[in-house]
> 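Would you mind keeping the following structure in view while I ask a few things?
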There are 2 protein chains.
Amino acid sequence: MSPSTRLTRVEAKARTRRRLLDAAAGIFAEHGFSGASVDEIAARAGYTIGALYTHFSGKEELFLSLLEEHVSHRLRDAERIAGDGPDSFAAFGEFLADVADEHVPWSLLELEFLRYALPRPEVLARLAERWRIPRTAIARLAGGSEEVGTVILALFHGLVLQRRIDRAAVPSTLFADALDWLSKGIDAP
Amino acid sequence: MSPSTRLTRVEAKARTRRRLLDAAAGIFAEHGFSGASVDEIAARAGYTIGALYTHFSGKEELFLSLLEEHVSHRLRDAERIAGDGPDSFAAFGEFLADVADEHVPWSLLELEFLRYALPRPEVLARLAERWRIPRTAIARLAGGSEEVGTVILALFHGLVLQRRIDRAAVPSTLFADALDWLSKGIDAP
DNA sequence: GTCTATAGCCGGATAGAC
DNA sequence: GTCTATCCGGCTATAGAC
């Protein structure tokens with residue numbers, strides 16, 4: 001039993017903060033950074049703008065907090081996948097197809113953030129560092145060089161985006177097929 | 001000698017349209033789609049908003065017109081390259097490396113516009129149609145199926161973006177290397 | 001801590017004069 | 001064809017009541 005059923009001020013504050021972050025994650029995923037309004041974020045969390053501004057300095061701090069969370073989660077995933085051992089390209093292709101649709105919102109957000117980062121060298125450096133992690137993990141998983149990881153990452157992002165534009169053009173089997181071609185050549189049996 | 005030094009109505013209209021498109025290309029590249037204002041576009045072209053609206057229905061049509069031009073120019077280039085010889089993959093890889101950096105602003109713009117198009121089915125359909133053109137053309141140039149075109153397109157876009165984030169991670173030779181792997185398999189001699 | 005109300009700004013689009 | 005003037009709506013952020 002907890003000492004009290006009432007939340008302390010600190011706990012209440014943390015809970016509100018979390019609700020706002022969860023709501024923001026959804027709104028950002030749907031509308032992007034510039035397209036999201038703090039008004040809508042607050043409303044989805046069950047609060048009003050005023051409340052939001054007592055917890056965050058504004059939209060930018062909200063976004064950066066979420067980005068930080070996302071990065072650490074992705075890192076954990078990458079390490080778990082890499083820890084599975086040396087898998088075949090085919091199995092990895094299936095995995096990519098599974099996460100492709102789920103990854104769509106962040107794929108778009110990351111690229112929107114890239115534009116934000118371009119004129120800010122220190123932010124761009126942090127972003128480059130963040131992309132190095134999956135690249136290295138994929139290279140290790142595929143048993144190839146760093147450049148193989150880069151190519152597979154490119155393939156993944158490019159296919160995810162095209163699938164979003166035209167679902168029929170990118171069947172989910174194409175993720176595995178592309179990796180297979182990469183491994184053995186297109187004309188292999 | 002031309003019949004007159006004065007422009008016909010049709011010529012004058014075409015000239016103004018071109019100036020607006022050129023100005024828009026610059027503003028979109030600098031500020032993105034949502035970040036660009038039609039006001040600024042008109043000003044750079046040497047006109048006012050009112051004039052812009054007599055030539056285009058709005059920002060969206062301005063963008064789609066530019067996108068159409070961009071795609072057709074790239075395709076003309078690609079077809080010229082492919083016409084140079086039978087060894088299409090190697091030559092095409094070099095071509096992709098050449099246009100990669102130049103393509104960066106468009107890469108970002110297309111993705112931003114994708115987000116704009118997502119909740120607008122008819123706009124998304126037009127965008128899907130735009131992507132079908134290079135996909136089919138690439139497939140034909142590479143002598144492969146439609147899905148081969150999709151994969152090469154994915155590769156190109158993914159590599160362009162990673163190169164923008166971290167130039168060292170994507171050497172320009174990687175475009176040709178990736179196509180070579182795709183053709184013959186990674187471990188081929 | 002959270003609310004309501006509003007200031008202040010900016011952007012896309014339109015109407016009508018010339 | 002192009003201009004000026006304006007409407008309309010949405011946004012971030014703040015002030016002050018409860």
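No hydrogens, no waters, no symmetry mates; every other heavy atom, side chains included, goes into these values. Bear in mind the structure is a predicted one, so any value in this text is a computation, not a measurement. Just so it is clear: chains get the letters A, B, ... in the order the sequence lines come, proteins before strands, and each one is counted from 1.
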> Can you confirm if the aromatic rings of W131(B) and H157(B) lie within a centre distance of less than 6.0 Å?
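Yes, close enough.
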> Would you call the rings of F63(B) and W106(B) parallel, tilted or perpendicular if under 30° counts as parallel and over 60° as perpendicular?
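Plane angle between 30° and 60°, so tilted.
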> K59(A) has an atom NZ; how far is it from atom C1' of dG10(D), in whole Å?
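Spelled out: NZ on K59(A) to C1' on dG10(D) is 11 Å.
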> Which of residues 21-43 of chain A sit near DNA chain C, with a heavy atom under 4.0 Å from it?
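Nothing qualifies; none.
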> Any donor-acceptor pair under 3.5 Å linking the side chain of E94(A) with the backbone of A176(A)?
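No.
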> Using a 6.0 Å distance limit plus a 45 degree cone around the ring axis, check whether R120(A) lies over the aromatic ring of Y116(A).
yes
> Can you classify the ring geometry of H103(A) versus F156(A) as parallel (below 30°), tilted (30 to 60°) or perpendicular (above 60°)?
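The arrangement is tilted - the two ring planes meet at 30° to 60°.
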> Got a donor-acceptor contact below 3.5 angstrom from the T150(A) side chain to the E146(A) backbone?
yes
> Rounded off to whole Å, could you give me the CZ-to-P distance for the R17(A) and dG1(C) pair?
13 Å
> Using residues 33-52 of chain B as the side-chain source, report each donor-acceptor pair under 3.5 Å to any protein atom, sequence neighbours left out, with the distance given to one decimal.
{"residue": "S34(B)", "atom": "OG", "partner": "E112(B)", "partner atom": "OE2", "Å": "2.9"}
{"residue": "S37(B)", "atom": "OG", "partner": "E40(B)", "partner atom": "N", "Å": "3.1"}
{"residue": "E40(B)", "atom": "OE2", "partner": "H31(B)", "partner atom": "NE2", "Å": "3.4"}
{"residue": "R44(B)", "atom": "NH1", "partner": "E30(B)", "partner atom": "OE2", "Å": "3.2"}
{"residue": "R44(B)", "atom": "NH2", "partner": "E30(B)", "partner atom": "OE1", "Å": "3.2"}
{"residue": "R44(B)", "atom": "NH2", "partner": "E30(B)", "partner atom": "OE2", "Å": "3.4"}
{"residue": "Y47(B)", "atom": "OH", "partner": "T16(B)", "partner atom": "OG1", "Å": "3.2"}
{"residue": "Y47(B)", "atom": "OH", "partner": "R19(B)", "partner atom": "NH1", "Å": "2.9"}

> Less than 4.5 Å apart, side chain to side chain, heavy atoms only: is that true for R74(B) and E102(B)?
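Yes, close enough: below the 4.5 Å cut-off.
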> Would you say T16(B) reaches dT2(D)'s phosphate, i.e. side-chain N/O to OP1/OP2 under 4.0 Å?
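Indeed, a polar side-chain atom of T16(B) lies that close.
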> Name the pairs: protein N/O against N/O of nucleotides 3-6 of chain C, kept only if under 3.5 Å.
{"residue": "dC3(C)", "atom": "OP2", "partner": "T48(A)", "partner atom": "N", "Å": "2.9"}
{"residue": "dC3(C)", "atom": "OP2", "partner": "T48(A)", "partner atom": "OG1", "Å": "3.0"}

> From CZ of F56(A) over to C1' of dA13(D), roughly how many Å is that when rounded to an integer?
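Answer to the nearest Å: 16 Å.
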> How many whole angstroms separate atom CG of L52(A) from atom P of dT14(D)?
12 Å
> Whole-Å distance between dA13(C) P and E61(B) CD?
11 Å
> The side chain of Y53(B) lies closest to which of these nucleotides: dT2(D), dG12(C), dT14(D)?
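Of all the options, the side chain of Y53(B) is nearest to dG12(C).
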